[in-house]
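Note that ligands are numbered from 1 as they come in the structure, with each ligand's atoms numbered from 1 the same way. Note that this is a predicted model, so its numbers are computed, not measured.
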Amino acid sequence: MNICFIVDEESRIKTPTMKDVLRQLSANHQITTISVSTVADAHAIMHTREALADVYLLKSHTPGALEIARLAEEKGIRVINSWKATQACQDRAFLSELFLAEDVPWPRTWVLDRFEQDLSEDMLSALTFPLMVKARYAYEGVFVDKVDTLEQLKRLATYKSLEPVIIQEYRQSDGWDTKVWVIGETILAAKRRSPLTHEPQDQFQLSPQDISAEMRDVALRIGKLLSADVFVVDMLITEQGPVAIDVNPFPGFRGLFGPEKAFVSLIEGLQQEAAIA
Ligand SMILES: Nc1ncnc2c1ncn2[C@@H]1O[C@H](COP(=O)(O)OP(=O)(O)O)[C@@H](O)[C@H]1O
Ligand SMILES: [Mg+2]
């Protein structure tokens, strides 16, 4: 197969896990990478016939990368993850509305197009603290804050007055983030210290028997709703069970045992799928 990685920086596929995946795949397949910055460049590349691959692996969410993926899908080529799923994960308002409508455990969430203007008195009286405020669009480096008081919330709203945000109920966890990776049929999970603690982000992987049926079910339902094949769900383990709070498509697999094999079998399985079809 011709397998093409769509990336914004080559370093994204130079992690130890991805290097191992590339080494294994290149034994039997042609591997290429493309990185484009604009939608116009994406069109230029995709209209050159010889540039087409059998499968595209979308590890970027820049407009150019999403457009390559969209054009490939339009030509009937398999893209992992689809451009729609990749884009959906950037929009916390879209995810919140979808998951709450489908009864996926997810914290109660309010969407504000303009933070300060949309913070009505009615809403303020309904809020209980602490709560989370997050930039609506989840690009690297955007803010995610825990807010403890009404004064703090109002100050943040003045500071970020025009920004689209979500406000989210704060859910008490067991003290850790629980990260659940889905790679095709394989599920891996780890506990990682929350970035809110500002402590080193220690991580320890859970053995398969410690990944509860509920955790698996939440992760797989999210994958189905988004049509995503490779992603990680951040969860909080609460007294009411796992609650999802974040989804990232095609993540790095930092500090994990086992993602390489799962990833390679997912890709090689696509060849069999194509042969049967
Ligand atoms: N609703 C919530 N309740 C409690 N803690 C949360 C909530 N949302 C996020 N957090 C904490 O904040 C961290 C960052 O939030 P997250 O939504 O994962 O954003 P990102 O990973 O894009 O920075 C999470 O890993 C979790 O520890
Ligand atoms: Mg997260």
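Side chain of Gln203 to backbone of Arg254: a donor-acceptor contact under 3.5 angstrom is found.
A side-chain donor-acceptor contact under 3.5 Å links Asp210 and Ser207. Side chains of Glu214 and Ser212: a donor-acceptor N/O pair is absent below 3.5 angstrom, by distance only. Side-chain atoms of Gln240 and Arg171 include a donor-acceptor pair closer than 3.5 Å. Under the 3.5 Å distance criterion, with hydrogens and angles disregarded, no donor-acceptor pair is assigned to the side chains of Gln87 and His61.
When each atom of ligand 1 is checked for a heavy atom of Val144 under 4.0 Å away, the hits are 14 (C), 15 (O), 19 (O), 23 (O). Near Leu196, meaning under 4.0 Å from any of its heavy atoms, are these atoms of ligand 1: 11 (C), 12 (O). The atoms of ligand 1 that sit less than 4.0 Å from any heavy atom of Gln168 are 1 (N), 8 (N). Applying the 4.0 Å criterion to heavy atoms of Asp234 picks out, from ligand 1, the atoms 18 (O).
For atom 3 (N) of ligand 1, the closest non-hydrogen atom on the protein side is Arg171 N, 2.9 Å. When only non-hydrogen protein atoms are considered, atom 18 (O) of ligand 1 lies nearest to Asp246 OD2, 3.0 Å. Ranking the protein heavy atoms by distance from atom 1 (N) of ligand 1 puts Glu169 O, 2.9 Å first. Looking only at protein heavy atoms, the nearest one to atom 2 (C) of ligand 1 is Met132 CG, 3.5 Å.
Summarising the geometry of Ile245 relative to Lys134, their closest heavy-atom pair is O-NZ, 3.6 Å, with the distance given to 0.1 Å.
Distances from ligand 1 to the non-hydrogen atoms of Arg92 include at least one value under 4.0 Å. For Pro195, the heavy-atom gap to ligand 1 drops under 4.0 angstrom. Every heavy atom of Arg192 sits 4.0 Å or more from the atoms of ligand 1.
Shown are Asp177, Asp202, Asp174; of these, the salt bridge (Lys or Arg N to Asp or Glu O under 4.0 Å) with Lys191 is made only by Asp174.
Only the side chain of Leu236 comes within 4.0 Å of ligand 1, counting heavy atoms alone; its backbone N, CA, C and O stay farther away. When heavy-atom distances to ligand 1 are checked against a 4.0 Å cut-off, Asp177 comes that close only through its side chain, counted from C-beta outward. Only the side chain of Pro107 comes within contact range of ligand 1, with a heavy atom under 4.0 Å; no backbone atom does. Residue contacts with ligand 1, taken as heavy atom pairs separated by less than 4.0 Å, involve Lys134 solely via side-chain atoms from C-beta onward.
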Test ring-ring contact (aromatic ring centres under 6.0 Å, His included) on Phe143 and Tyr159 and set out the steps. CA-CA 12 Å; Phe143 78 99; Tyr159 182 56; 8.6 Å; no
Worked verdict on Trp176 versus Phe204 for ring-ring contact (aromatic ring centres under 6.0 Å, His included): CA-CA 11 Å; Trp176 295 80; Phe204 62 91; 5.3 Å; yes
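Note on Asp234: counted as a metal contact of the Mg ion (ligand 2), an N/O/S atom lying under 2.8 Å.
With rounding to the nearest 0.5 angstrom, the CZ atom of Arg70 is 13.5 Å from the OG1 atom of Thr86.
Stacking of Lys146 on the aromatic ring of Tyr170 is recorded, both the 6.0 Å distance cut-off and the 45° axial limit being met.
If you look at Asp246 and ask which of its N, O or S atoms sits nearest the Mg ion (ligand 2), the answer is OD2.
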